[in-house]
Number of protein chains: 4
Amino acid sequence: MNPNLTTITRSKTANRSAILLIHCPDRLGLVSIVTEFIFKNNGNILYLDQHVDPQAQVFFMRVEWDLASFSIPDDKIGEYFSVLVADRLGMQWTLHFSDDVPRMALFVSKLPHCLHDILAHVEAGEWRVELPLIVSNHTTLEPVAKRMGIPFHVIPVDKDNKPAQEQQQQALLQEHKIDFIVLARYMQIVSADFISHYPSRIINIHHSFLPAFPGAKPYHSAHERGVKIIGATSHYVTADLDAGPIIEQDVVRVTHKDTVEDLLRKGQELEKIVLSRAIWMHLKRKVLVYGNRTVIFP
Amino acid sequence: MNPNLTTITRSKTANRSAILLIHCPDRLGLVSIVTEFIFKNNGNILYLDQHVDPQAQVFFMRVEWDLASFSIPDDKIGEYFSVLVADRLGMQWTLHFSDDVPRMALFVSKLPHCLHDILAHVEAGEWRVELPLIVSNHTTLEPVAKRMGIPFHVIPVDKDNKPAQEQQQQALLQEHKIDFIVLARYMQIVSADFISHYPSRIINIHHSFLPAFPGAKPYHSAHERGVKIIGATSHYVTADLDAGPIIEQDVVRVTHKDTVEDLLRKGQELEKIVLSRAIWMHLKRKVLVYGNRTVIFP
Amino acid sequence: MNPNLTTITRSKTANRSAILLIHCPDRLGLVSIVTEFIFKNNGNILYLDQHVDPQAQVFFMRVEWDLASFSIPDDKIGEYFSVLVADRLGMQWTLHFSDDVPRMALFVSKLPHCLHDILAHVEAGEWRVELPLIVSNHTTLEPVAKRMGIPFHVIPVDKDNKPAQEQQQQALLQEHKIDFIVLARYMQIVSADFISHYPSRIINIHHSFLPAFPGAKPYHSAHERGVKIIGATSHYVTADLDAGPIIEQDVVRVTHKDTVEDLLRKGQELEKIVLSRAIWMHLKRKVLVYGNRTVIFP
Amino acid sequence: MNPNLTTITRSKTANRSAILLIHCPDRLGLVSIVTEFIFKNNGNILYLDQHVDPQAQVFFMRVEWDLASFSIPDDKIGEYFSVLVADRLGMQWTLHFSDDVPRMALFVSKLPHCLHDILAHVEAGEWRVELPLIVSNHTTLEPVAKRMGIPFHVIPVDKDNKPAQEQQQQALLQEHKIDFIVLARYMQIVSADFISHYPSRIINIHHSFLPAFPGAKPYHSAHERGVKIIGATSHYVTADLDAGPIIEQDVVRVTHKDTVEDLLRKGQELEKIVLSRAIWMHLKRKVLVYGNRTVIFP
């Protein structure tokens, strides 16, 4: 009898775990090959979900396993996985550890609601994340950052100075070793060059149910059109404005009684929730981008 | 003491009632003037809701009152209301009675789900409506109509014969004294001329959350775009395709696991509900169209 | 022609307005009488909604009118309305002004999410409210209050000292002229005596979809029961635990994958939104309590 | 190189597939062992989802694979899986084939809405199911069944004759080789003995958001309690009334304006949808019952 098959005790305390996000051309046996790699090296799978896009014939997988008894040291897991599994199968993959602490930069403008909600999550310790800096094109929200002790960099942007100011932003991001950026109602269009440095690592919140009402003033457009439901959309930023891969959306009912101001009020409640959910999923490595869509592992 | 101010007993059995839908330029005292007209003539108000569009400065009102003790005979209410109230205030209004039985025509094509749901409501006696005919461009759903004993008219439509066929449809509608038409996934574009005969009286169901994904194959587009929520929209048909006044919308969550077929399945469940709700609101005189929007009295 | 019937311009800037919340036995002509009182004194109705409970035969009304040209001075409106309208009709009513600034006390314990969300609304100036003090049975959230400059009173409560401590709370509330209290996950049962001083003026958030899962640990119970949807409920506090009039509820989907911790995370997101919506409706005088239910004017 | 690792073409036409539903004590390597069994025998995995209940330490899995090239004949798969995998791991499992056609019995009473919705799905060919008989305690819905050509058995039930009538029902169910039963608003309590013959194979729809408002007249109770949202719940029937494992729930908003009749109307719309979704998930083998809860594989 296989000695591994003794009933094991899953610790209820959060052990360290490893997370693999994989995608590759679909083939026979992929799940079996990956799980065997983990099993043979004494890893206990905590989470596994796979998805196949039948049209594109692409295989996607998220697998998480307990590292307590895993026989490969952390800094060798990537190498072993490459050589033994991934390379010959054409896999693209990223490896993460449950105790990684990604470094997030916030870009804000004048509207405070998303900033407040993010800070509340960070302060409550609900997210495993560092927040070394906030960037803004206005001074409006500086007091909020200050009383939390978070450095707040005011970098005004207009049509003429954008390239220079984006360079200054990039320097700050590099200096602080930023892993991903959240545009918390930043209200500025970020250049394609800027975006290219953070592929699938800039999260935006758009204040409409995309693809309805892209661009500016979506609540005014929604009111004008007389819709009965409004929404908010969080997506990764790409060079195509408001057209990047969608991470999360949610909606709320409205009526003819709702003025544009009411839509704003109801919408901002949605925006903060949808953005915070998207950040949480990003931090938990539950999002896999391919083409212009996302696989969200539940 | 005013003798009218004795406490009255609202009958729990549905008495006959009158319903006025009004809109006009906003002025001081409109509610007071209308309710006094009803009160002075011994009508007991069962429902009153008013709305003012502050931008357009238009006043909207739905008022329903018990006719049991009303002192003006039914066939004179309109005349009296015109002369005493509406004319000098520039009101546009329609008068309805709770025991009116509007006559509805259904236009269908091959998909059965909306037809089935409508027939279930009609057969269960949940709606006060007559359904004297069903029109289709295909024979597919004829057996469904037949076993319910509803005349089913097959009028195939293509690019070349549309004007002639629409004339035939119009003749049928007139012959059967049709009050309003429901396009229950009819899948054909109706001509502007046809629409002009039934302003705000043709109800369509579009299989997307408008204004996202107008036109053909919205579920394919939604899948391609990677949205996390899909919807359905019921609206009055105007000459602008999929751009008429929205009556009702609803949505459902989807994930990357959902194929186009799954979106179709989930979406059709929405379509039938959203369309049936829209028909119910239309029958209950809860919808007031102005410009390209609707006021929906709850 | 009535000179009042000239088309008027509703100012888009928020003029001062008066709000009447009324309920009384249902009779003929109530809407007419109330609106005539406003109209005759040159008030322009901005909002009117009425409701009749056909079983209880009770009439409810919320009416709001512009004071710009109103001929009765503010401090006489109540008296005139009583004498001319309310007394002979047995009306119970409250009168409010749009520029009233109610004074709110927050009661918190250790959980920060509702407190953060409320403070964000207050700081952003989205609510017309004063927040002169926060009361807690723990020191945990004192730093949050401090950095906002809001007095934070720690009043530990246990079984033995509750009467004395509640007296201390009452003294504070009176000293600060508190109009209403929000229990923002306060986690203590408030005595019937305490409640009797603030009828329909203590707002609680319960972390379940009441009446399912009243009492302690509702997320554990929801997980144990295997429900597919969880909820949160904001209600006025009465002597019956978790049984007071419901102001607002909302829900979110969960699955078998969700641990109790996941339910807590998803639920807290709901709690803060549902509670903040309830406070907003209370502040806007949109809530009328009767018996154990509420009329919420949209 | 492993010859299996050539890129394969997933047929877009629905090939026959096998579905395994498994649960067992959690151990290391379970996913690996199961997927290797499939992979080694040339099965291509189309769907895999696993779940571990960390408290109960139970492992759950749903795996579906294409049978086109599978090397074990259909009628031997169960035996091989038992001997090679399941027995030594203490697995409980069921094996299904995608072209199975389960046989469903409907129990109805007087209310038609769920029956209509089920028949519409069956007639449209959306479900892979046989419907050989409908049982009712009333004749009310006989015409609906008749015009569809479905045998309708009237078996009136009262307190005194229930045991005898249930025996007659059982005889019919056995005669028609019924796999599962749907109580489509049957309105009768089924005996524990009857239930014991169909464990996890009787699907009920309860007209409330359980565990709120179990038992009779939930819409009246919801109205009385003044809730702002109502729901419907589909669950497997157990001997504990309205307490069996929940398959699906959904909700809809209501207001103080909604009478009990309005709650009924809105609720029946929910009931039919929630029940039809539950039947669909049951047919697709997406439901695994354990204890009093369900795992729903998405």
Side-chain angles (χ1 to χ4, degrees), chain B residues 1-15 24-59 61-66 68-70 85 88-90 252-253 255 296-298, chain C residues 1-15 24-59 61-66 68-70 85 88-90 252-253 255 296-298:
Chain B
M1 189 186 164
N2 186 331
N4 287 319
L5 292 180
T6 46
T7 298
I8 51 94
T9 303
R10 266 175 218 279
S11 170
K12 277 152 202 169
T13 64
N15 284 338
C24 64
D26 191 26
R27 290 164 189 251
L28 275 179
L30 291 169
V31 174
S32 180
I33 293 163
V34 173
T35 58
E36 197 179 300
F37 168 78
I38 296 166
F39 173 48
K40 286 282 163 73
N41 293 296
N42 234 14
N44 187 30
I45 291 176
L46 302 170
Y47 177 98
L48 182 151
D49 196 19
Q50 59 115 35
H51 170 64
V52 174
D53 182 319
Q55 285 177 297
Q57 300 199 25
V58 178
F59 171 88
M61 186 173 184
R62 182 185 188 275
V63 60
E64 181 169 0
W65 69 96
D66 194 323
S69 313
F70 202 56
V85 179
R88 61 189 171 115
L89 296 165
V252 68
R253 286 207 166 259
T255 78
I296 305 285
F297 295 101
Chain C
M1 187 186 164
N2 187 329
N4 287 318
L5 293 181
T6 48
T7 298
I8 53 95
T9 304
R10 270 175 213 278
S11 169
K12 275 153 206 170
T13 65
N15 284 339
C24 64
D26 190 26
R27 290 164 189 252
L28 274 180
L30 291 169
V31 173
S32 180
I33 293 165
V34 174
T35 58
E36 196 179 302
F37 168 80
I38 296 166
F39 173 47
K40 286 281 163 75
N41 293 295
N42 234 12
N44 187 28
I45 291 176
L46 302 170
Y47 177 97
L48 182 151
D49 197 18
Q50 61 115 35
H51 170 63
V52 173
D53 182 320
Q55 285 176 298
Q57 300 199 25
V58 179
F59 171 88
M61 186 174 184
R62 183 186 188 274
V63 60
E64 181 169 0
W65 67 96
D66 194 323
S69 314
F70 201 56
V85 179
R88 61 187 171 116
L89 296 166
V252 68
R253 285 208 166 257
T255 77
I296 305 285
F297 295 102

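Just so it is clear: chains get the letters A, B, ... in the order the sequence lines come, proteins before strands, and each one is counted from 1.
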Quiz prompt | Check: C:Leu46 and B:Val52 side chains under 4.5 Å, non-hydrogen atoms | solution = no
Self-check item: Which of C:Val31, C:Asp49, C:Thr35 touches chain B most, by non-hydrogen pairs under 4.5 Å
Solution: C:Thr35
Quiz item: Of all heavy-atom pairs between C:Phe39 and B:Gly29, which one has the smallest distance, and what is that distance?
Solution: CD1-CA, 3.2 Å
Quiz item: Does the side chain of C:Glu36 reach to within under 4.5 Å of the side chain of B:Glu36, using non-hydrogen atoms?
Solution: yes
Quiz prompt | side chain to side chain donor-acceptor pair (under 3.5 Å) partners of C:Glu64, counting only residues at least two apart | solution = C:Ser17, C:Arg62
Quiz prompt | Spacing of CD1 belonging to B:Ile38 relative to CG belonging to C:Leu28, to within rounding of 0.5 Å | solution = 11.0 Å
Quiz item: Going from CG on C:Leu48 to CG on B:Leu30, what distance comes out if it is rounded to the nearest 0.5 angstrom?
Solution: 12.0 Å
Exercise. Working to the nearest 0.5 Å, report the span between CD of C:Gln50 and OH of B:Tyr47.
Key: 9.0 Å
